[in-house]
Amino acid sequence: PTFWSLHTTFDRLWAFMRSGTGPTEDWEQDWTDDDSCSMHNWLDLLPFHDFQLEASSKGVGELYTNQELYQLFDPKSPSLPYVYDDFEWEHCASGTVSSHSESPKEPDSSQSIKSN
């Protein structure tokens, strides 16, 4: 159950770090290969395919490498089908996170996610 909340948080933070703005402009983005586990190296194939086919040199069903996904999900890429409105973290602004936060709200069904 923690995958979804952690994954989206990581994606948002990574997009912020890669944007090259604010305190992250000197962030080191080098990739270090790690042969201790499959799919950790820059050119290892991953079990993902068919993302942004118009922006990729891949054909239908062809797997991506870490390098290719890193390039496809560049937050400065005009072909990326989403952007974050902001990188505000109101719950962190005060320096504390309350364990008594308000209950989650139901999603607004009048809003939909658009994808190119």
Side-chain angles (χ1 to χ4, degrees):
T2 61
F3 172 82
W4 299 110
S5 59
L6 293 176
H7 180 77
T8 56
T9 299
F10 180 80
D11 184 63
R12 189 173 180 212
L13 288 171
W14 195 29
F16 175 69
M17 297 296 287
R18 291 185 70 195
S19 70
T21 60
T24 66
E25 58 193 21
D26 294 327
W27 181 57
E28 182 62 51
Q29 296 188 50
D30 289 342
W31 189 282
T32 303
D33 280 349
D34 177 4
D35 291 325
S36 67
C37 188
S38 66
M39 298 186 276
H40 284 201
N41 294 321
W42 189 238
L43 299 177
D44 284 354
L45 290 174
L46 303 173
F48 304 110
H49 55 85
D50 303 338
F51 295 130
Q52 301 184 40
L53 288 173
E54 63 282 347
S56 169
S57 61
K58 294 289 189 182
V60 173
E62 290 186 70
L63 300 178
Y64 292 103
T65 65
N66 281 306
Q67 176 189 23
E68 291 164 331
L69 288 177
Y70 186 82
Q71 292 165 344
L72 284 174
F73 295 132
D74 184 341
K76 294 179 259 180
S77 171
S79 65
L80 191 64
Y82 67 93
V83 294
Y84 290 98
D85 291 337
D86 62 59
F87 294 105
E88 298 297 321
W89 294 85
E90 294 85 11
H91 62 281
C92 294
S94 66
T96 61
V97 177
S98 171
S99 61
H100 303 290
S101 60
E102 64 183 70
S103 300
K105 295 179 175 53
E106 289 295 318
D108 181 353
S109 61
S110 67
Q111 296 178 343
S112 63
I113 297 174
K114 294 176 91 174
S115 177
N116 292 349

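Every residue two or more places apart in sequence or in another chain that forms a ring-ring contact (aromatic ring centres under 6.0 Å, His included) with Trp31 is listed here: Trp42. Take Phe48 and apply the ring-ring contact (aromatic ring centres under 6.0 Å, His included) test, not counting sequence neighbours, and it matches no residue. Residues satisfying the side-chain hydrogen bond (donor to acceptor under 3.5 Å, both in side chains) test with Ser77, not counting sequence neighbours, are Ser79. By the side-chain hydrogen bond (donor to acceptor under 3.5 Å, both in side chains) test, Asp30 pairs with no residue at all, sequence neighbours left out. A search for side-chain hydrogen bond (donor to acceptor under 3.5 Å, both in side chains) contacts involving Ser36 returns Asp34, not counting sequence neighbours. Listed by chain and residue number, nothing satisfies the side-chain hydrogen bond (donor to acceptor under 3.5 Å, both in side chains) test with Asp85 (two or more places apart in sequence, or in another chain).
Put simply, the side chain of Trp14 reaches to within 4.5 Å of the side chain of Tyr70, judged on heavy atoms.
Proximity of a side-chain donor or acceptor of Lys58 to a complementary backbone N or O of Leu63 within less than 3.5 Å is detected. Distance alone, capped at 3.5 Å, is enough to place a donor-acceptor pair between the Glu68 side chain and the Thr65 backbone. The backbone N or O of Gln29 sits nowhere less than 3.5 Å from a side-chain atom of Arg18 that would complete a donor-acceptor pair.
In terms of hydrophobic clustering, with Ile, Leu, Val, Met, Phe, Trp and Tyr side chains grouped at heavy-atom distances under 4.5 Å, Phe16 and Leu69 are assigned to a common cluster. Hydrophobic clustering (side-chain heavy atoms under 4.5 Å, transitive across Ile, Leu, Val, Met, Phe, Trp, Tyr) groups Leu72 together with Leu80.
Ring pair Tyr84/Tyr82 is perpendicular by interplanar angle, where above 60° counts as perpendicular and below 30° as parallel.
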Derivation of the side chain to side chain contact (heavy atoms under 4.5 Å, CB included) call for Val83 and Lys76: CA-CA 9 Å; Val83 294; Lys76 294 179 259 180; over 6 Å; no

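With rounding to the nearest 0.5 Å, the separation of CG in Asn41 from OG1 in Thr32 is 10.0 Å. Going from atom NE2 of His7 over to atom OG1 of Thr2 covers 12.5 Å, rounded to the nearest 0.5 Å.
Judged purely by distance below 3.5 Å, without hydrogens or angles, the side chains of Asp44 and Asn66 never pair a donor atom with an acceptor atom.
Of all heavy-atom pairs between Ala15 and Pro75, the closest is O-CG, 3.5 Å. Closest non-hydrogen pair, Leu46 versus Met39, comes out as CD2-CB, 3.4 Å.
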